[in-house]
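Written out below as structure tokens is the structure these notes cover.
Here, residue 1 is the first one in the sequence, and each next residue gets the next number. Quick note: numbers below take in every heavy atom, side chains included, and nothing from hydrogens, waters or symmetry partners.
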Amino acid sequence: QVQLVESGGGLVQAGGSLRLSCAASGRTFSTYAMGWFRQAPGKEREFVGAISKSGGTTYYADSVKGRFTISRDNAKNTVYLQMNTLKPEDTAVYYCAADFAFVASQLTLPDEYDYWGQGTQVTVSS
């Protein structure tokens, strides 16, 4: 079992920044990859990015590439999502998720992930 708790969401103006955190507990953090997804009202859950177990490899959706950065601190059992140059279309509930299999071709699919956090709201005003 893995428990995931996101934090750091909030209201920010367009062009601003936020850093989300996801604290993990349960199984050894360095044994699974982590992903970030988001879901806006009326839309499907959307892949944002993912990071490998060691943190050495990252993947990003085209919509956030160059603006968002994923990192992890295995000593602190935490993964981060640094979001810069935020846009109103980034408004969504953001979720972190744990992935034990880490099949690169499947990383964008929610079904690839085994455990999910409860989500944190990010609202970007124009």
Side-chain angles (χ1 to χ4, degrees):
Q1 288 284 346
V2 173
Q3 293 78 41
L4 302 172
V5 179
E6 301 97 336
S7 61
L11 174 64
V12 63
Q13 289 188 332
S17 298
L18 279 176
R19 188 176 82 155
L20 305 184
S21 300
C22 172
S25 60
R27 292 175 64 173
T28 303
F29 186 60
S30 60
T31 63
Y32 49 91
M34 293 294 297
W36 284 97
F37 284 75
R38 65 187 182 186
Q39 189 166 19
K43 296 189 176 181
E44 293 188 351
R45 194 162 294 192
E46 173 189 26
F47 173 76
V48 173
I51 187 166
S52 62
K53 300 173 187 180
S54 67
T57 305
T58 53
Y59 305 80
Y60 297 97
D62 288 344
S63 59
V64 306
K65 202 171 293 182
R67 299 189 298 122
F68 290 12
T69 303
I70 298 174
S71 61
R72 66 189 294 162
D73 185 337
N74 286 350
K76 295 183 177 180
N77 294 348
T78 302
V79 63
Y80 304 97
L81 179 65
Q82 177 67 45
M83 305 186 293
N84 297 329
T85 319
L86 282 160
K87 305 175 181 180
E89 51 263 44
D90 294 319
T91 295
V93 176
Y94 282 71
Y95 300 89
C96 64
D99 176 12
F100 283 87
F102 199 54
V103 178
S105 61
Q106 305 292 317
L107 287 176
T108 63
L109 303 178
D111 286 348
E112 167 71 5
Y113 295 79
D114 304 287
Y115 297 95
W116 292 82
Q118 83 290 347
T120 186
Q121 176 71 45
V122 171
T123 303
V124 184
S125 64
S126 58

If you look at every heavy atom in [X] and [Y], which pair is closest and at what distance?
X	Y	value
S17	N84	OG-OD1, 2.9 Å
I51	F102	O-CE1, 4.3 Å
L4	A24	CD2-CB, 3.6 Å
T78	S21	CG2-CB, 4.2 Å
E112	A101	OE2-CB, 3.9 Å
Q118	Y95	O-CE2, 3.5 Å

Can [Y] be reached from [X] by stepping across I, L, V, M, F, W or Y side chains whose heavy atoms are under 4.5 Å apart?
X	Y	result
Y80	V93	no
V2	I70	yes
F47	F68	no
Y60	L18	yes
Y115	L81	yes

Next item on the list: Please confirm whether R27 makes a cation-pi placement over Y32, using NZ or CZ under 6.0 Å from the six-membered ring centre and within 45° of the ring normal.
Entry: no

[X] side chain near [Y] side chain, heavy-atom distance below 4.5 Å:
X	Y	result
S63	R38	yes
F29	M34	yes
D114	D99	yes
V124	M83	no
L11	Q121	no
Q13	S125	yes

Checklist line | Aromatic contact, F37 with W116 (centres under 6.0 Å) | finding: yes

Has the side chain of [X] got a donor or acceptor atom that lies under 3.5 Å from a matching backbone atom of [Y]?
X	Y	answer
N77	G26	no
R72	G55	no
E6	C96	yes

Next item on the list: Evaluate the side-chain contact (heavy atoms from CB on, under 4.5 Å) criterion for residues W36 and V79: first the C-alpha distance (whole Å), next the side-chain angles of each, then the deciding distance (0.1 Å), finally the verdict.
Entry: CA-CA 9 Å; W36 284 97; V79 63; 3.9 Å; yes

Next item on the list: To the nearest 0.5 angstrom, please state how far the CG atom of D111 sits from the CZ atom of R45.
Entry: 10.5 Å

Margin query: Salt bridge or not between D90 and K87? Use side-chain N to carboxylate O under 4.0 Å.
Written below: no

